[in-house]
Structures are given as structure tokens and as C-alpha cells.
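Written out below as C-alpha cells is the structure these notes cover.
Atoms within each ligand, like the ligands themselves, are counted from 1 in listed order.
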Amino acid sequence: MVGIDRINYYTPRTYLDMTTLAEARGVDPNKYIKGIGQEQMAVLGEHEDIITMAAEAAAPILDDKDAIDLIVFATESGVDFSKAASIYLQHLLEIPNPVRAIEMKQACYALTSGLHLATDFVKSHPGKKALVVSSDIAWYGFETAGEVTQGAGAIAIIVAENPRIARVNSGVPYTEDVPDFYRPNTSDVPIVDGKFSIDCYNKALIETFPKHTYKYVGFHMPFAKMADKANRILEEFAISDDALTCVKSYSKTIGNIYNGSLYLALIGILTHADDLSGETIGMFSYGSGSIGEFFTLDIVEGYDNYMDTDAWQTHLTSRHALDMKGYEQAMNAFMAREKMHDYAYQDRAPEQATYVLSAIRNGHREYQKR
Ligand code: COA
């Protein structure tokens, strides 16, 4: 049996409240809070990027570095066309050099693909483990329709034999070439037809859902209200309102973290559901472009001994709210930095930050562990 041995998430320590954004944009806050389901969204700190976020998520669960034989980094916010972000991560986390390290891309689906790849890899390499991470910055631009569906964050998963959290079962995929959301090399932000994307998402769910009743189904959430919309598609197989509240609990305050959004649903279920031992959880993954996959996880007895749900929740509640000026400064700084060939960070990172992007030299990134 192979699957999720450990799981953790990270999101930046600063956020923007949706009421603040709604007031600044002259929109009724209920549109954002009730209509789109978002109460807050994470905003990236100046000291961080996709690699530091992935390191923050992975470090607390990385207790057996010598056994890691594969690192998969899923992202649609890549920092290099050639070099895999996983190589920066391998260095920063001091994972021994005899390891494979690759980056995977397919919009928000790549983490699911990476999880299945790693599961099959561990099955064929007995005794070895894989580190599978996603890290993304969802950025659509100021005063766009997508602005309310932004966010930033990372997921880290250790895949191993005899997993302590869940067995990963292979699923049913559905691929269709559609232009609902994509980011060509010429664009700093995605080109998105949000309403069409919801239709594509729903179609992929209908094509892959096995018409079976699950107590919990994790849904990919580009915004938290998407889980309500998807659940309605399941009709008589829909999950309960209480289960849906668990599914949305992290996304509604973190926002869109692209690849990791489905796994925030899992984190929410693991945090808030009563004993899940022996339960089979449904998972619906969707990546625009598009690929949908419905698969399942079998939760292992004693799983709750291997996750720190208090730390997960404290991380959220201890974040610092930004005003509009702080949000605009942070995102302007992010956009400017991502175009810099040379950059030096003046250390103003919060004291809890362990990993910092310290410089970019000749286009190559340098990091510090504090
Ligand atoms: N009170 C309560 N609800 C309100 C409201 C109010 N005052 N005003 C509007 N609403 C509701 C609308 O009725 C609508 O509900 P519905 O979806 O159930 O019909 C919802 O709020 C959104 O309003 P809408 O006018 O459709 O919003 P929009 O045109 O600004 O677009 C998105 C919303 C989500 C489509 C847009 O933000 C987007 O494209 N985001 C990107 C999503 C993405 O990344 N997709 C790709 C990855 S899968």
C-alpha cells in the first residue's frame, strides 16, 4: 500500500480582507463573501516566492531526507523555463544529491498528476519515498474580474509505503482541449474566461464522477463558492452542508492557490471532520485547458497522530491584515521583482519566516535559511 504519509500546507502571513477589497472597488461586499465565497485572500510577502513557500510547507514534515528519491514540484507560477524549481528546493531543504528533481505543469491539475506519478514511483522503488509539492501565486491584476479569486500558498506531501495518512487510489481522467484559462509566454497574467471555465469544470466532473455516495468529497476551488456549485452537480450523491463547510474552511480565507486548492479541501476535511479512520474520501481535481480527474483516498487508522491541526489553524489566525496600500505595494513589488535579472533583498522578513529569497544574480535565485 502506497500513499500520503505526511501532508502540510503553507500560506503567506499577510492577507487582504474581502470587505476591504470590495469597498475599494465599489462592489457590494456580499458579492465577494456570499456570491464568490471568499472572506480573505493571502498576499505574498516581499521575502518569498514559490520556492520559499514550498520549503516552508515541506520542512516540518521532512524527517527522512535520505529516503527521498524523487522530488516533484507542481506549479503554474514557474520562475524559469528550463531549470526545475525542485532543484532550488532540494538545495534549500538540504536533501541529499542522489535524488531526481522535476517540475510538472498542467494548470491546477499538475499536483494530482505528481501525486499519482510519485505513488507509482514508490511502488516500483521499494523503500524509497517521494516529496511532492505544489506552490503557486494566483495573480490576475488590479481591478480585474479575477482579482477577488487570487491567493498564494503551497502544499507538501510525503509519499511512502505503508502511509500513515491515506492510501492513494488511481482515478478516472478526462482531457479536453479548451481555451478557458491559459497564460502564454507573452502575458504576465492568465487569460481567463471565468464563466466558461466553470462550465468546463462542471463537464469534467460529470464525465468522471463515479455516481457513488461519499461522506466527503474534496473539490478543486479557484474560489470557495465553486465547491457549492460542484456539489450541486452531484445531485443525489451530494455531500452534506457540514461536510461542505469542512471542504471550504481553508480556501475561504486563503483564496486560490491553484494546484494546491484541492488539497486545502483535504486539509479542511482532515482538520474538522470527526474520526475518518477507514473512510474513503472522493477528490475532484481540475486544471484548466483542461484535465479533470476524480480519484479517492482511503484514510488510514491513526492518521490524526501524524498531522498538527492546531498548528494549521494557528497559522491562519495569526496572519496580519493588510490595507489596500499594503496589498498594492506587495503585488507591485512582486511583479517588479519577477522581471528583475538582478535583485537584492533588504531583510525585513517576519521573524517566523525560515526561508527567504535573498537575491537574484544574473537571473539565478539565491535563498537563505534563517
Ligand atoms: N450578494 C450576493 N451575491 C452576489 C451579489 C451580492 N450583492 N452580487 C453578485 N452576487 C453573486 C452572483 O449572483 C454570482 O452568483 P452565481 O455564480 O451563483 O451566479 C456570483 O456572485 C458572482 O457574480 P458574477 O457577476 O458572476 O461575478 P464576476 O463576473 O465578477 O465573475 C468569477 C466571478 C469567479 C467568474 C471571476 O472572478 C473569475 O473569472 N475568476 C477566475 C476564476 C478562475 O481562476 N478560473 C479558472 C480556474 S478553474
Among protein heavy atoms, which sits nearest to atom 26 (O) of ligand 1, and what does the distance come to when rounded to 0.1 Å?
Lys195 CE, 3.0 Å
Are any of the N/O atoms in His220 less than 3.5 Å from those in ligand 1?
no
Evaluate the 4.0 Å heavy atom contact test for atom 13 (O) of ligand 1: does a protein atom fall under the cut-off?
no
Looking at every heavy atom in both Glu103 and Gly78, which two are closest together, and how far apart are they?
OE2-CA, 4.1 Å
Indicate yes or no: does an N/O atom of Phe223 lie under 3.5 Å from an N/O atom of ligand 1?
no
Closest to atom 48 (S) of ligand 1 among protein heavy atoms sits Pro222 CG, 3.6 Å
Side-chain ion pair, Asp80 and Arg365, N-O less than 4.0 Å
no
I'd like to know if Arg361 pairs up with Glu366 as an ion pair, taking the criterion as any Lys NZ or Arg NE/NH1/NH2 lying under 4.0 Å from an Asp or Glu carboxylate oxygen.
yes
Considering distance alone, does some N or O of Lys229 sit under 3.5 Å from an N or O of ligand 1?
yes
Return a yes/no value: protein heavy atom under 4.0 Å from atom 32 (C) of ligand 1?
no
With a 4.0 Å cut-off, strictly under, does atom 46 (C) of ligand 1 pick up any protein heavy atom?
yes
State, to 0.1 Å, how close Ala130 and Ile68 come at their nearest heavy-atom pair, and which atoms those are.
C-CD1, 4.2 Å
Give the numbers and elements of all ligand 1 atoms closer than 4.0 Å to a heavy atom of Gly35.
3 (N), 11 (C), 20 (C), 21 (O)
Candidate with minimal heavy-atom separation from atom 27 (O) of ligand 1, of Met226, Glu76, Lys31:
Lys31
Would you kindly check if the NZ (Lys) or CZ (Arg) of Lys83 is within the cone defined by 45 degrees around the ring axis of Tyr88 and under 6.0 Å from the six-membered ring centre?
yes
Indicate whether any N or O donor in one side chain lies under 3.5 Å from an N or O acceptor in the other, for Thr149 and Asn256.
no
Do Tyr367 and Asp49 have side-chain N/O donor and acceptor atoms under 3.5 Å apart?
yes
Donor-acceptor pair between Asp242 and Ser240 side chains, under 3.5 angstrom
no
Between Tyr250 and Thr271, is any side-chain donor less than 3.5 angstrom from a side-chain acceptor?
yes
May I ask you to list the atoms of ligand 1 that are less than 4.0 angstrom from any heavy atom of Asn30?
1 (N), 2 (C), 3 (N), 6 (C)
What atoms in ligand 1 come closer than 4.0 Å to a heavy atom of Ser288?
46 (C), 47 (C), 48 (S)
Side chain or backbone, does Asp28 bring an N or O within less than 3.5 Å of an N or O on ligand 1?
yes
Can we say Asp63 and Arg6 salt-bridge, meaning some charged N sits less than 4.0 Å from an Asp/Glu carboxylate O?
yes
Check the side chains of Tyr32 and Thr19 for a donor-acceptor pair under 3.5 angstrom, ignoring hydrogens and angles.
no
A student checking ligand 1 against Phe181 at a 4.0 Å heavy-atom cut-off should list atoms 44 (O), 46 (C)
Can you tell me which residue and heavy atom of the protein come closest to atom 22 (C) of ligand 1, and the distance to 0.1 Å?
Ile36 CG1, 3.9 Å
With a heavy-atom distance limit of 4.0 Å, tell me whether Thr149 approaches ligand 1 through its side chain, its backbone, both, or neither.
side chain
Considering both backbone and side-chain atoms of Tyr140, is one of its nitrogen or oxygen atoms within less than 3.5 Å of a nitrogen or oxygen in ligand 1?
yes
Which option out of Ala145, Ser197, Gly194 puts a heavy atom nearest to atom 39 (O) of ligand 1?
Gly194
Lys34, any N or O under 3.5 Å of ligand 1 N or O
no
Below 3.5 Å, N or O to N or O, backbone or side chain included: is there any such pair between Arg232 and ligand 1?
no
Could you go step by step and tell me if Glu279 and Tyr303 meet the side chain to side chain donor-acceptor pair (under 3.5 Å) rule?
CA-CA 11 Å; Glu279 195 77 44; Tyr303 70 99; over 6 Å; no
